[in-house]
Asks: 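One structure follows; several queries about it will come next.
Note on naming: letters A, B, ... go to the chains in the order of the sequence lines (proteins, then strands), and numbering restarts at 1 for each one.
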Protein chains: 2
Amino acid sequence: MSPQRRSGLGTNQEAIRRHNLGTVLRHVHGAGQTSRAELTSLMGLNRSTIAGLVSELESLGIAEHATPLEGSRQGAGRPSARVRIAREGPYVIAVDLGVDRAVVARVGLGGHVIQRAQAPVLRDGEAWQVGAAVATLIRTVIEGAPSAAPLVGIGISVPGLVRRSDGLIRLAPNLEWHDVSFGGIVLAALGLDVPVSLANDADLGALAEHTRGAGVGVDELIYVSGNVGVGAGVISGGHRLEGVGGYAGEVGHLRFNPDGRPCHCGNLGCWETEVGAFAIAEAIQCPPDKVAQLDEVLDEFDRPSTALRATGTSLGQGLASIVNMFNPQVVVLGGYFRSLYRLVGADVDAGLADRALPAPLESVRLELPGLGSDSPLHGAAEIALEPLFVDPVAALGTALVDVRARLAG
Amino acid sequence: MSPQRRSGLGTNQEAIRRHNLGTVLRHVHGAGQTSRAELTSLMGLNRSTIAGLVSELESLGIAEHATPLEGSRQGAGRPSARVRIAREGPYVIAVDLGVDRAVVARVGLGGHVIQRAQAPVLRDGEAWQVGAAVATLIRTVIEGAPSAAPLVGIGISVPGLVRRSDGLIRLAPNLEWHDVSFGGIVLAALGLDVPVSLANDADLGALAEHTRGAGVGVDELIYVSGNVGVGAGVISGGHRLEGVGGYAGEVGHLRFNPDGRPCHCGNLGCWETEVGAFAIAEAIQCPPDKVAQLDEVLDEFDRPSTALRATGTSLGQGLASIVNMFNPQVVVLGGYFRSLYRLVGADVDAGLADRALPAPLESVRLELPGLGSDSPLHGAAEIALEPLFVDPVAALGTALVDVRARLAG
DNA sequence: CGCTCCTGTCCACCCGCACAACAAATCAGT
DNA sequence: ACTGATTTGTTGTGCGGGTGGACAGGAGCG
């Protein structure tokens, strides 16, 4: 039973098959490698049913069977056949658009980054220039793909507000973009027509950490991203919190200090003016041209200054508001907050404990990203893969095979 | 496709039937009255399937068929038979525990309040005393129930933090309760054993407004409740946002003015210290013993004072943080905010527009509760009814019949 | 070398929904 | 008032999909 998050629809058995097939694939994807027996117990279905589903995945070229592991013994009984992702199976292109560089990766099911490439992005570059650069990187990583493997889609992580209905980039302050249809630009530059999904970098960080990072199995998770601006991605009930337009999680403009500095949003003392990259850069006297690499600058510190510790306290106090609002189980600190937390973790913890309500405080823990700085990239891969888990057959139907030849032509 | 919000499970056709039966009932409940043709188009199932589901509901005693309406013509073709809630069908008890009074209602499917009773609650009363009073009210409203009608459960709205795993009231500041198992107390006073669900009043307000109030069809909705303290209930993606413990939505302690007044939570200048009942009472020089009836006091004003207008601005500015965080489509102002918004709506709107980001602001609208002050009561009924929509057969299995006789015994 | 335990495969079976054909009920036009 | 078009209720048949049992395969244990 799963669900139509969209409400009110009935279910027929065709939908069952779709859902079960997708769920099997989701499990294989999540674990990278499983056994049919494990799938049976995880999904609560009959052995025969699982066998049928797995064999369908194999005939679709998505999964492969493998001989049981030699070494590991897991008790008596016939060892269960392994199920793993097919070697030449479907893949996606993940793009992490940063403020100073773009990372592009070819990612297979199971979250394997098969190949990656990156290039600097000019500050205040035009969107079409960036799109062309990204398209070149995409061509590079597709180069190595087996021609039989289908390309399912492209996922793009954007440091800004993305409208969920059509993927339009409404506002990316640090790229100075307004209302840019970046997905269309990249597709045009490539000359391809595949599904493109765009989303906010913090949302994708949350998704990735939930799937294969520090928050596996945690259905109430928040990823707070320090990435010049400050944003958050929220997973609640195991699903992304999006809001009507897709703009949910804009925590950077929480009211923090009404007497504080002016924020580019027009208000005074938003949280971002205290813990944003420019605020931190000022606190550590970092030159403005290195703000985009603030994490590396911070990593060179070994002892925090007083100003930096105050920033840590502000981070914790702001997190308290977030914890009070969402009551999460895990808060993952991404972007340069990762480096910051390593330096002034105690102050962050103290600030949080000082301002959060007892009830939500007792069940929350702060964590560093399990995927390092690659969380948004992995999240971009996840949204591009998502159609496969909803309906594998349909997703493969819209996928492109022999992409290299199409790119050449 | 439907649902398991809990992830990873497979679906079999037994689950299909459960889900479809529950979904049919949910539609009948939502509309109060429908036709089979409408159900067919809403659920996307075949006519014959709908017929089977409806007849099963009828044989369960939940639904009745009725002759098509005489007057209304809806085009050519055979008129579709009406489906409505059975007259002696299942019902629930809804309890709205306020800080100064308790309201108890017998509510049938369709959200019909069949009978209601209320009584004042002593301030700083012991939990068992309140429980006994509530039990008496429950006996009163059950008195009039047909003995054939099954009691499905009891839903209780609580002005405080409720742990979702077991319904324990962790903290109800205005009742001065800590860790009270109020559900158990009421059941013991009744001598019954039926399912009891407890939840926060704002969460239930959101649920009710989503189901049959100002937010029907709106899947991104927030109910902000002014009820001595300030809290919010969030519906996102059509589901309640709960958080791990069930404490999500504690917006009263958002940082608002760090130089402000001390809050009972230990911090300075929480939003609640600016727009909470005590702050407003002070602004309008309302005597402290009437704070619990602040809405009535406010209703007697016809022109807002300057202080009240400032409060309205603060309300709007705080809502801006909420709008930025959740990007809702509708924000419903419940509790005494209802009265306040009638007086100083323009200031609230201005405060919101001033502080919210453009993107979330353009898609949000403020509304008054469609259910007046009964939102939490209706929400309490909804959570008690919820099991019926998940699995009608199972829910009727645990329901109590002939409750009057059991109460007497 | 048994025995036991677990898993894969194959089969018949059941359950639930779809579909087609027919009947019923209403509206529109003549 | 009659006729055709339209829409819905009813019924029987068919199909898809998961279940469950019987049997075989493979491993550990004594």
Side-chain angles (χ1 to χ4, degrees), chain A residues 1-2 4 9-24 34-59 63-84 391-393, chain B residues 1-2 4 9-24 34-59 63-84 391-393:
Chain A
M1 47 191 75
S2 155
Q4 77 211 29
L9 278 171
T11 308
N12 53 19
Q13 60 234 23
E14 177 190 343
I16 290 198
R17 186 66 173 184
R18 266 206 306 273
H19 170 245
N20 283 349
L21 199 59
T23 306
V24 168
T34 347
S35 68
R36 288 151 76 153
E38 196 173 346
L39 289 170
T40 304
S41 75
L42 278 174
M43 294 183 56
L45 299 180
N46 194 287
R47 286 209 297 275
S48 347
T49 308
I50 295 292
L53 292 167
V54 169
S55 82
E56 183 165 352
L57 285 183
E58 288 174 359
S59 71
E64 290 176 344
H65 57 272
T67 53
L69 304 180
E70 299 286 325
S72 74
R73 60 189 58 181
Q74 67 274 9
R78 173 177 175 173
S80 185
R82 311 295 295 176
V83 182
R84 68 169 179 222
D391 186 347
V393 178
Chain B
M1 54 183 67
S2 168
Q4 66 214 28
L9 278 172
T11 307
N12 54 19
Q13 61 236 20
E14 179 190 344
I16 289 198
R17 186 66 173 183
R18 266 206 306 271
H19 170 246
N20 284 349
L21 199 60
T23 305
V24 169
T34 348
S35 67
R36 288 149 79 152
E38 196 173 348
L39 289 170
T40 304
S41 75
L42 279 174
M43 294 183 57
L45 298 180
N46 193 283
R47 286 210 298 272
S48 33
T49 308
I50 295 292
L53 292 166
V54 168
S55 83
E56 183 165 351
L57 284 183
E58 287 173 0
S59 71
E64 289 176 344
H65 57 272
T67 53
L69 303 181
E70 300 286 327
S72 76
R73 61 190 57 184
Q74 67 274 7
R78 175 175 174 173
S80 186
R82 313 294 297 175
V83 182
R84 67 170 180 221
D391 186 348
V393 179

Asks: Rounding to a whole Å, what distance do you find between B:Ile50:CD1 and C:dC19:P?
Replies: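 B:Ile50 atom CD1 is separated from C:dC19 atom P by 14 Å.
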Asks: Under 4.5 Å between any side-chain heavy atoms of A:Val393 and A:Arg18, yes or no?
Replies: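 Of all side-chain heavy-atom pairs linking A:Arg18 with A:Val393, none is under 4.5 Å.
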Asks: Using atom types as modelled and distance alone, determine if a side-chain donor or acceptor of A:Thr23 lies under 3.5 Å from a backbone N or O of A:His19.
Replies: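 Checked: pair present.
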Asks: If I take atom CD1 from residue B:Ile50 and atom OG from residue B:Ser55, how far apart are they, to the nearest 0.5 angstrom?
Replies: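 Answer for the CD1-OG pair, B:Ile50 versus B:Ser55, is 11.0 Å.
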Asks: With the threshold set at under 4.0 Å for non-hydrogen atoms, list the residues of residues 34-41 of chain A touching DNA chain D in residue-number order.
Replies: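 Heavy-atom contacts with DNA chain D come from no residue of residues 34-41 of chain A; none.
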Asks: So, do A:Arg82 and A:Thr67 sit near enough that their side-chain heavy atoms are less than 4.5 Å apart?
Replies: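 Counting from C-beta outward, A:Arg82 and A:Thr67 never come under 4.5 Å.
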Asks: Give, for atom CD of A:Glu64 and atom CD of A:Glu58, the distance between the pair rounded to the nearest 0.5 Å.
Replies: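 Going from the CD atom of A:Glu64 to the CD atom of A:Glu58 covers 8.5 Å.
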Asks: With heavy-atom distances below 4.5 Å as the criterion, would you say the side chains of B:Thr40 and B:Asn46 are in contact?
Replies: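 In short, these two side chains do not touch, never coming nearer than 4.5 Å.
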Asks: Grab the CD-P distance between A:Glu58 and C:dG8 for me, whole Å please.
Replies: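 Value for this atom pair: 11 Å.
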Asks: Determine whether a donor-acceptor pair (one donor, one acceptor, N or O, separation below 3.5 Å) exists between the side chain of A:Arg78 and the base of C:dT7.
Replies: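 Such a pair exists between side chain and base.
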Asks: For D:dC29, what is the paired nucleotide under Watson-Crick or G-U wobble rules, both distances under 3.5 Å?
Replies: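 When the pairing criteria are applied, nothing turns out to pair with D:dC29, so the answer is none.
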Asks: Between the protein and nucleotides 14-18 of chain C, are there any N/O to N/O pairs under 3.5 Å, and if so, what are the atom names and distances?
Replies:
{"residue": "C:dC15", "atom": "O2", "partner": "B:Gln13", "partner atom": "NE2", "Å": "3.4"}
{"residue": "C:dG16", "atom": "N2", "partner": "A:Gln13", "partner atom": "NE2", "Å": "2.8"}
{"residue": "C:dC17", "atom": "OP1", "partner": "B:Asn20", "partner atom": "ND2", "Å": "2.9"}
{"residue": "C:dC17", "atom": "OP2", "partner": "B:Arg17", "partner atom": "NH1", "Å": "2.6"}
{"residue": "C:dC17", "atom": "O4'", "partner": "A:Gln13", "partner atom": "OE1", "Å": "3.3"}
{"residue": "C:dA18", "atom": "OP2", "partner": "B:Asn46", "partner atom": "N", "Å": "2.8"}
{"residue": "C:dA18", "atom": "OP2", "partner": "B:Thr49", "partner atom": "OG1", "Å": "2.8"}

Asks: What distance do B:Leu21 atom CG and B:Leu57 atom CG have between them, rounded to the nearest 0.5 Å?
Replies: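 So the CG of B:Leu21 and the CG of B:Leu57 are separated by 4.5 Å.
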Asks: Would you say that B:Arg17 contacts B:Leu53 through its side chain, given a criterion of any heavy-atom pair below 4.5 Å between the two side chains?
Replies: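 Yes, their side chains come closer than 4.5 Å.
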Asks: Strictly by Watson-Crick or wobble contacts shorter than 3.5 Å, is anything paired with D:dT13, and which nucleotide is it?
Replies: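 Answer to the pairing question: C:dA18, which forms a Watson-Crick or G-U pair with D:dT13.
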